[in-house]
A.B. asks: 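First the structure, which I've put down as structure tokens, then a few questions once you've had a look.
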There are 2 protein chains.
Amino acid sequence: MTRNDSTEKQILTLLNGLCNQIHHKFECCTGISSSRLEILHELCGGAEIKQSHLQKRINIDNAAITRHLKQLEAEGMVTRRKNPDDNRETFVRLSDEGLEKIEGYKIERENFIRQILKDFDDEEIPVLADFLARIKNNI
Amino acid sequence: MTRNDSTEKQILTLLNGLCNQIHHKFECCTGISSSRLEILHELCGGAEIKQSHLQKRINIDNAAITRHLKQLEAEGMVTRRKNPDDNRETFVRLSDEGLEKIEGYKIERENFIRQILKDFDDEEIPVLADFLARIKNNI
DNA sequence: GATCAATCATTGATGCCTCAAATAATATAA
DNA sequence: TTATATTATTTGAGGCATCAATGATTGATC
């Protein structure tokens with residue numbers, strides 16, 4: 001086994017451990033699940049967005065997006081209505097209350113990022129972003 | 001907002017998407033969940049290992065390790081017995097059947113790693129490993 | 001216009017993870 | 001030795017993700 005082989009295995013172990021924890025830690029730190037916040041983030045512009053479009057952007061299952069939006073709607077964070085021109089589709093929009101609350105979440109989110117990247121240099125950040133994007137493409 | 005700030009946010013989005021998918025993809029490709037295979041991998045040497053030690057190595061919850069081991073035991077992959085010198089502890093060991101089967105899993109695992117890192121240079125691999133280890137420490 | 005296919009959203013079932021509480025066994029101290 | 005911690009494992013409850021199956025609506029074709 002070459003040194004690289006064993007480093008590759010280590011990467012998988014690291015990735016496994018990291019992925020097991022990150023969602024949970026994120027929610028602990030910020031008070032909202034990472035997928036939910038991604039959704040709100042997409043809606044941040046204030047425009048109505050199709051549910052199916054949100055689903056593709058967040059890269060999450062149909063069922064999951066339905067459940068998140070239902071919950072966010074119940075909490076008063078978003079509003080939903082059917083597309084009058086095509087009743088299969090649903091439009092989603094941030095509510096006024098959601099618009100207010102998201103500011104706080106965004107700050108928490110930034111704190112979280114700062115925390116997990118605290119010992120990264122300015123030059124390393126874009127390299128990391130590139131690595132992650134490539135891995136994601138390979139999956 | 002500086003360019004780095006926006007790159008940092010992108011990293012979180014990437015990490016979120018990546019972590020959402022990787023476990024599932026791993027299982028699809030290899031036929032076993034990544035945590036389970038991590039457990040088997042730890043047991044690969046053939047020695048008896050304490051359950052609590054496994055739990056710390058895999059970096060998973062107590063409850064999760066119990067359930068995985070129960071399942072692996074039911075499948076005949078591992079055997080468990082209480083430590084006769086301290087009945088609170090449990091020793092876990094790979095069964096003969098497990099020893100056989102794991103070889104195939106290891107190959108699948110290597111294929112999976114190769115797939116997700118397919119466009120990475122030899123010099124990038126250790127950098128990635130370092131990045132992930134640091135992020136994990138920061139969590 | 002009736003039928004069949006495609007699209008979007010939802011629900012049900014299942015898996016893995018977490019925390020918290022319960023159980024059991026051992027160690028420690030009064 | 002009896003009461004009180006501590007440690008290891010298990011069980012229960014809840015969250016989020018997936019797939020598969022179901023409904024509902026629209027589009028296409030004959």
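Keep in mind that what you see is a predicted model, and the values were worked out from it rather than measured.
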A.B. asks: Which residue pairs pass the salt bridge (charged side-chain N to carboxylate O under 4.0 Å, His left out) test with at least one member in residues 18-35 of chain A, sequence neighbours excluded?
C.D. replies: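 The answer is none; no pair qualifies.
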
A.B. asks: Any side-chain to backbone donor/acceptor pair from B/E48 onto B/V92? Under 3.5 Å, distance only.
C.D. replies: no

A.B. asks: Which atoms of nucleotides 1-3 of chain D (N or O only) lie under 3.5 Å from a protein N or O atom, and what are those distances?
C.D. replies:
none

A.B. asks: For A/T13 and B/E38, does a side-chain donor sit closer than 3.5 Å to a side-chain acceptor?
C.D. replies: yes

A.B. asks: So, using salt bridge (Lys or Arg N to Asp or Glu O under 4.0 Å) as the criterion, who are the partners of B/R93 when residues are at least two apart?
C.D. replies: none

A.B. asks: Check for a donor-acceptor pair, side chain of A/S95 on one end and backbone N or O of A/G76 on the other, with a separation under 3.5 Å.
C.D. replies: yes

A.B. asks: Of the residues in residues 44-52 of chain A, which ones touch DNA chain D at a heavy-atom distance under 4.0 Å?
C.D. replies: none

A.B. asks: For a 4.5 angstrom cut-off between non-hydrogen side-chain atoms, does A/L40 reach A/M77?
C.D. replies: yes

A.B. asks: Which residues in residues 65-76 of chain A have at least one heavy atom lying under 4.0 Å from any atom of DNA chain C?
C.D. replies: A/T66, A/R67, A/K70

A.B. asks: Closer than 4.0 angstrom, basic N to acidic O: yes or no for B/E110 and A/K9?
C.D. replies: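 Looking at B/E110 and A/K9, the cut-off is met.
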
A.B. asks: For DNA chain C, which residues in residues 14-36 of chain A have a heavy atom at a distance below 4.0 Å?
C.D. replies: A/N20, A/H24

A.B. asks: Checking B/K50 now: which residues fulfil salt bridge (Lys or Arg N to Asp or Glu O under 4.0 Å) with it, not counting sequence neighbours?
C.D. replies: B/E89

A.B. asks: Spell out, as yes or no, whether a donor-acceptor pair under 3.5 Å connects the side chain of B/Q55 to the backbone of B/I60.
C.D. replies: yes

A.B. asks: Using a heavy-atom distance cut-off of less than 4.0 Å, which residues of residues 78-90 of chain A contact DNA chain C?
C.D. replies: A/R80, A/R88, A/E89, A/T90

A.B. asks: Between A/R134 (side chain) and B/D119 (backbone), is there a donor-acceptor pair under 3.5 Å?
C.D. replies: yes

A.B. asks: Could you measure the distance from the CG atom of B/L72 to the CD1 atom of B/I39? Nearest 0.5 Å is fine.
C.D. replies: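 Going from CG on B/L72 over to CD1 on B/I39, the span is 6.0 Å.
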
A.B. asks: For A/R36, give me all partners under salt bridge (Lys or Arg N to Asp or Glu O under 4.0 Å), at least two apart in sequence or on another chain.
C.D. replies: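 Here the qualifying residues are A/E75.
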
A.B. asks: What are the bounds, 5' to 3', of the part of DNA chain C that sits under 4.0 Å from heavy atoms of chain A?
C.D. replies: C/dA6 to C/dC19

A.B. asks: State, with a plain yes or no, whether a side-chain heavy atom of A/N16 is found less than 4.5 Å away from one of B/S35.
C.D. replies: yes

A.B. asks: When you measure from the side chain of A/D121 to the backbone of A/E123, do you find a donor-acceptor pair of N or O atoms at a distance under 3.5 Å?
C.D. replies: no

A.B. asks: With sequence neighbours excluded, what pairs up with A/F120 under the ring-ring contact (aromatic ring centres under 6.0 Å, His included) test?
C.D. replies: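 A/F120 satisfies ring-ring contact (aromatic ring centres under 6.0 Å, His included) with B/F131 only.
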
A.B. asks: In chain order, what residues pass the salt bridge (Lys or Arg N to Asp or Glu O under 4.0 Å) check against A/D61, with sequence neighbours excluded?
C.D. replies: none

A.B. asks: Is the closest side-chain heavy-atom distance between B/N111 and B/C29 below 4.5 Å?
C.D. replies: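 No, every pair of side-chain atoms sits at 4.5 Å or beyond.
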
